[in-house]
Number of protein chains: 2
Amino acid sequence: MRASVPISVNGLKTACSQCNLVELCLPFGMSDSDLDQLDELVGARRKVKRQQNLYRAGDPFEAIYAIRAGSFKTDVVLEDGRDQVTGFQMTGEILGLDGISTGTHSCNAVALEDSEVCVISYAKLEELSHKVEGLQLQFHKVMSREIVRDHGVMMLLGSMRAEERLAAFLLNMSQRFTARGFSAAEFHLRMTREEIGSYLGLKLETVSRAFSRFQEEGLIGVQQKHIRLLDTAGLRKLIQHQTAGGGR
Amino acid sequence: MRASVPISVNGLKTACSQCNLVELCLPFGMSDSDLDQLDELVGARRKVKRQQNLYRAGDPFEAIYAIRAGSFKTDVVLEDGRDQVTGFQMTGEILGLDGISTGTHSCNAVALEDSEVCVISYAKLEELSHKVEGLQLQFHKVMSREIVRDHGVMMLLGSMRAEERLAAFLLNMSQRFTARGFSAAEFHLRMTREEIGSYLGLKLETVSRAFSRFQEEGLIGVQQKHIRLLDTAGLRKLIQHQTAGGGR
DNA sequence: CTTCGCCGTTGATCCATGTCAACCAAAAAA
DNA sequence: TTTTTTGGTTGACATGGATCAACGGCGAAG
């Protein structure tokens with residue numbers, strides 16, 4: 001297929017129109033004709049090994065990245081060394097949007113496993129957005145979705161208790177695995193307890209204890225990073241049904 | 001002045017090029033020629049009385065709003081009634097970006113005082129972005145800035161202690177008042193202790209106590225909503241210099 | 001195979017912040 | 001003006017999650 005296209009650095013020309021992640025990624029919802037025009041958008045792919053940075057806070061912003069394989073975390077660091085995981089990203093999700101604002105990345109993106117991303121030059125994206133009907137809207141939706149997601153995390157951090165936070169986290173992971181064709185009830189977490197804790201505003205011990213409690217109560221099965229959701233309804237109820245009188 | 005321009009519903013034709021908030025608002029950084037083309041962007045102004053909603057979660061998304069006068073809060077509400085203030089917005093700032101993602105607003109925007117906004121039809125914004133060089137980038141920057149701001153709030157909620165959160169909040173307010181030509185050291189908060197608490201993930205009593213402590217320590221002067229910053233360096237130090245060994 | 005280091009679990013204790021309650025001050029209503 | 005309502009302060013006490021510490025197991029490296 002597409003034999004006439006020059007071979008890229010990574011051996012295969014990247015093409016959104018040929019990618020099985022379209023449904024999850026930037027081009028979601030775009031017409032076929034628009035989609036074809038998109039193939040020039042993705043310049044190259046880039047492999048990032050586990051624990052390596054895709055970019056760091058302070059790096060000049062030049063491109064955004066679509067995750068083709070693997071997963072990442074993003075975190076921000078305070079001068080005094082405290083840091084906070086601001087998100088976990090899976091295939092099809094977009095990284096790097098934080099850089100547009102100032103032209104400099106404001107957080108770190110680190111691969112949680114050996115991963116690969118599509119490099120999307122921001123200059124090219126801007127240019128193409130003027131031409132390709134639909135791309136602009138899609139891009140705006142991606143950014144807006146990130147804002148809405150962030151508001152959800154604020155809600156979680158600002159007004160939920162430890163077990164509620166973890167339940168919300170697990171349900172969210174499940175939903176995202178499902179969207180990618182994996183089991184909704186059984187999955188492998190790529191991040192450590194400490195990283196989960198940082199994301200949820202909790203200490204790793206608290207995360208571990210909450211996992212154990214959930215297991216005792218028959219809500220989930222835990223073996224290290226391998227999770228089975230046994231009672232999603234129960235988890236959902238846990239989030240809504242706070243202890244009488246209003247939570248924190 | 002501007003006698004030749006037709007009188008709009010609100011008595012004055014809105015025009016970005018004539019607005020003294022350009023420096024803070026969407027058109028920031030755009031060329032004069034671009035700016036002139038923008039004047040058709042703002043359809044109308046809308047007055048919102050104190051405590052009234054500019055929009056509600058669930059409302060269909062049609063426009064974004066630039067604050068011309070006054071201030072707002074945005075909040076999200078969980079099914080069980082718990083709610084969380086996700087931000088406070090001042091003149092020149094943009095509201096409504098959350099709606100692009102799904103076509104439906106995902107949070108409430110409420111005026112903290114009698115306010116006025118410029119209504120920017122999103123459809124028109126999209127259209128103009130294709131034509132006006134520079135508008136697209138500016139809009140992207142506005143969205144990206146919101147994402148970066150949200151990450152800062154996550155940091156605050158996830159890894160700072162009560163007094164650190166309040167200090168960060170006060171310094172942030174001061175900085176934003178300054179950008180609007182008001183005193184950096186003395187200002188009037190438009191929101192209640194409860195709203196501040198909700199934003200910072202704290203109870204109103206905790207906010208009140210932190211204010212009192214700051215006052216005792218000579219860092220600030222408090223009289224109800226009227227705040228004087230007496231020792232901004234001290235406040236800044238408070239944020240960085242956590243209790244030995246790493247905070248929460 | 002063995003060793004080492006990281007990650008996760010669990011227990012005991014402490015403390016920051018939540019909760020409950022009383023009271024006061026300012027602003028709004030009458 | 002007086003009354004009422006709302007918002008803010010402060011105290012006493014309760015508690016969820018942090019902290020400190022010990023230990024166990026899996027996986028990587030040799």
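Every chain is numbered from 1, with letters handed out A, B, ... down the list of sequences.
Under the rule for a salt bridge (charged side-chain N to carboxylate O under 4.0 Å, His left out), the partners of Arg149(B) that lie at least two apart in sequence or sit in another chain are Glu146(B). Evaluation of the salt bridge (charged side-chain N to carboxylate O under 4.0 Å, His left out) rule for Glu23(B) yields no partner, not counting sequence neighbours.
Atom P of nucleotide dA27(C) and atom CZ of Arg190(B) are separated by 13 Å, given to the nearest angstrom. The separation between Glu113(B) atom CD and dG7(D) atom C1' is 17 Å, rounded to whole Å. To the nearest angstrom, P of dA25(C) lies 19 Å from CZ of Phe211(B). One can place CE of Met160(A) at 20 Å from P of dT17(C), the figure rounded to the nearest angstrom. When the P atom of dA18(D) is taken as reference, atom CG of Leu204(A) falls 10 Å away, rounded to whole Å. To the nearest angstrom, P of dG24(D) lies 15 Å from CD of Gln224(A). Rounding to whole angstrom units, CG of residue Leu166(A) and C1' of dG8(C) are separated by 14 Å. Atom CZ in Arg50(A) sits about 12 Å away from atom P in dG27(D), given to the nearest Å.
Evaluation of atom-type donor-acceptor distances gives no pair under 3.5 Å for the side chain of Gln223(A) against the base of dC26(D). Residue Glu195(A) places no side-chain atom within donor-acceptor reach of the base of dC7(C), judged by atom type and a 3.5 Å distance cut-off alone.
Going from atom CD of Gln215(A) over to atom CD1 of Ile227(A) covers 8.5 Å, rounded to the nearest 0.5 Å. Taking OH of Tyr55(B) as the reference point, atom OG1 of Thr104(B) lies at 12.5 Å (rounded to 0.5 Å).
Each of Val207(A) and Val207(B) lies near DNA chain D, and the nucleotide nearest Val207(B) is the one positioned closer to the 5' end. Remark on DNA chain C: of its neighbouring residues Arg209(A) and Lys225(A), the 5'-side contact belongs to Lys225(A), judged by nearest-heavy-atom nucleotide.
OP1 or OP2 of dT10(C) lies within a sub-4.0 Å distance of a side-chain N or O belonging to Ser212(A). Contact check, Ser208(B) against dT9(D): a side-chain N or O comes under 4.0 Å of OP1 or OP2. In this model, the phosphate group of dG18(C) is approached by a side-chain N or O of Thr206(B) to a distance below 4.0 Å at OP1 or OP2.
Between the side chain of Thr91(A) and the backbone N or O of Ile67(A), no donor-acceptor pair lies under 3.5 Å. No side-chain donor-acceptor contact under 3.5 Å links Asp98(B) to the backbone of Val148(A).
Comparing atom distances between the Glu205(A) side chain and each of dA21(C), dG17(D), dC20(D) picks out dC20(D) as nearest.
Taken over five-pair windows at either terminus, the axes of the helix from dC1(C)-dG30(D) to dA30(C)-dT1(D) are inclined to one another by 50° (rounded to 10 degrees).
The aromatic rings of Phe187(A) and Phe177(A) sit parallel to each other, their planes meeting at less than 30°, with 60° as the upper class boundary.
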